[in-house]
Student: 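The structure's right below; bear with me while I get my questions together.
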Amino acid sequence: MFSLILALKNVISRKSSFVIVLFIAFAIAMMVVSNAVFDGTGNGIQNTFVNSFTGDIVVRPKAEFPLSLLGDETPGTGSYSEIPFLIPYTQVHQVVHDTPGIRASTAQVTGVAVMNINEDKFASIFFGVDSALYTDIMPGIHILDGRPYDPDEKGIMLSTAMLDYIEEDCGTRPAIGDSIQIVSTNGRSFNMRSAQLTGIYEYPTDNEVLSRIVLASPEVVREVCGMVHASTSLADDIAHENQNLLNEDFDIDDLFGDTFTEAEESFLATADEKTDEVVVAEDTEISEDTIWNYVVCSVQPGVPVAKVIKELNAEFKKQGWDVEAVGWRSAAGLSAMYLYWMRLIFNIGIIVILGTGFIVVHNTLVVSALDRTNETGTLRAIGADRSFVAVQFLLETAILTVFAGIIGCILGMIGTNALSSVQIVFHNNYLIQLFGGTTLSISVTAANIIQGFVVSVLLALIGWIYPAHIATQVSPVEAMVGLH
């Protein structure tokens, strides 16, 4: 008790105490506000992707390249890689279905193709999914017009963002019931299919990644991306006047220019009529019903996603399958990771601020210890040992930092509430993606407060060590005669 009273007296009487409290409180307040903002961005991004794009868990084949739901994301060469299939799909999906905690799941096949609308080309990423199951797993997808395509129907669904882009570029806005021409090439040949637009939907947040996605019948994606092949040679069935399109002078790259020639359009129309029947690969592991790249899952409310992922991966490893379950961030790939790295950069900035504040606080404590040499020597002369002096400095530092931490947390809560109440509106697309909405919505959580106090304690312990060492090395005799 005597040590505590003495520590309080020294803290109150010392002029430097105000400076120390001010710096620590400011640093803690900054940390509380920044963590609240970061939590807001993290929750916003997660909600956007989980409810519209990735689900809670994605089961995918293991690959030597960075694989996301969008395909290979290796810079420069990723667009040339083929996405591996889930093997053995039937058994893998059964494991997913039987795993406790999984609410719903659906398979997905991904491909890249071009929509040809009024001779304008729109490169898109096609997700071949069961529309009813997919929209159930993705509650963020809101159908504005039309309906999800039926399982046995060759249909597609477009987002309002995609429709806006098409309308802006070519002046035409596809409507429900329109036939959309889809073309894909592998550099040597090309595939073309037509699909009916059955539904128009919107995402809860405008997002550059989501605006590139087209939901389509899995059969359409498999056929147009060459995952299955025609049962007969197209060259044998194409009109004689269009045969010249298959000779060595024909450039496949022309398909992805601004317009098709009349001959090319005639060829595409003929090809569309002649490729209805498909033959699947003869591999016993791959058939038309098992050509899937991913299984997208949603988890029951309250069930830890990390636990389910761990259970799935344990079973996949036990079975010896080259398959893995990942969370939403890995499934989204670079589209989410660059936001994560931006958050990390911001965190480093806050650490620099905290470090600067700590240096000021630490130097103040050291100067204080040197100024109190006579006082420390007197305590040693009347019988106080080194541990008493060390504890005395620890108590003083703890009082300062904890008090400053409380003030900092209060100021942080006030600042966070003030920011939230202002209702800041974002118009920049990056900020909308970052915060998962058009307005800033943040709040202080218990974790933010705990982090503030933890930092206060760490500052107390680290800031106490060197000043205490200086104080305990003071010689009582030298201090009393005024040599220090």
Student: Show your working on side chain to side chain contact (heavy atoms under 4.5 Å, CB included) between Thr110 and Leu70 and close with a plain yes or no.
Tutor: CA-CA 7 Å; Thr110 299; Leu70 303 176; 6.0 Å; no
Student: Test of understanding: with side chain to side chain donor-acceptor pair (under 3.5 Å), list the residues that count as partners of Thr90, not counting sequence neighbours.
Tutor: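 In terms of side chain to side chain donor-acceptor pair (under 3.5 Å), with neighbours along the sequence ignored, Thr90 is linked to no residue.
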Student: Ser330: which residues meet the side chain to side chain donor-acceptor pair (under 3.5 Å) condition with it, sequence neighbours left out?
Tutor: none
Student: Which residues pass the side chain to side chain donor-acceptor pair (under 3.5 Å) test with Asp152, not counting sequence neighbours?
Tutor: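 Asp152 satisfies side chain to side chain donor-acceptor pair (under 3.5 Å) with no other residue.
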Student: Going by side-chain hydrogen bond (donor to acceptor under 3.5 Å, both in side chains), name the pairs with one or both residues in residues 296-315, residues two or more places apart or in two chains.
Tutor: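 Checked against side-chain hydrogen bond (donor to acceptor under 3.5 Å, both in side chains) - neighbours excluded - the pairs reaching residues 296-315 are Arg103-Ser298, Glu315-Gln319.
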Student: For Phe122, check ring pair (Phe, Tyr, Trp, His ring centres under 6.0 Å) against everything at least two apart and list the hits.
Tutor: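 For Phe122 the ring pair (Phe, Tyr, Trp, His ring centres under 6.0 Å) partners, ignoring immediate neighbours, are Tyr165.
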Student: Quick one: ring pair (Phe, Tyr, Trp, His ring centres under 6.0 Å) pairs with a partner in residues 306-327, sequence neighbours left out?
Tutor: none
Student: Considering residues at least two apart in sequence or located in another chain, which fulfil the side chain to side chain contact (heavy atoms under 4.5 Å, CB included) criterion with Ile450?
Tutor: Val454
Student: Using the side-chain hydrogen bond (donor to acceptor under 3.5 Å, both in side chains) rule, collect all pairs that involve residues 53-67, keeping only residues at least two apart or in two chains.
Tutor: Arg60-Glu324
Student: So Thr172 and Ile166, do their side chains get closer than 4.5 Å, heavy atoms only?
Tutor: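 Of all side-chain heavy-atom pairs linking Thr172 with Ile166, none is under 4.5 Å.
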Student: Who passes side chain to side chain donor-acceptor pair (under 3.5 Å) against Arg147, sequence neighbours left out?
Tutor: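 Here the qualifying residues are Glu153.
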Student: How long is the gap from CG on Asp130 to CG on Asp150, to the nearest 0.5 Å?
Tutor: 10.0 Å
Student: According to salt bridge (Lys or Arg N to Asp or Glu O under 4.0 Å), does anything in residues 165-181 pair up with another residue at least two apart or in another chain? List the pairs.
Tutor: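 Every salt bridge (Lys or Arg N to Asp or Glu O under 4.0 Å) pair that includes a residue of residues 165-181, provided the two are not neighbours, is Asp164-Arg173, Glu167-Arg173.
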Student: Look up atom CG in Leu312 and atom CD1 in Ile57, then write down how far apart they are to the nearest 0.5 Å.
Tutor: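 If I round to the nearest 0.5 Å, the distance is 5.5 Å.
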Student: With sequence neighbours excluded, what pairs up with Tyr201 under the ring pair (Phe, Tyr, Trp, His ring centres under 6.0 Å) test?
Tutor: Tyr203
Student: Sequence neighbours left out, what passes side chain to side chain contact (heavy atoms under 4.5 Å, CB included) with His142? Give chain and number order.
Tutor: Leu144, Glu202
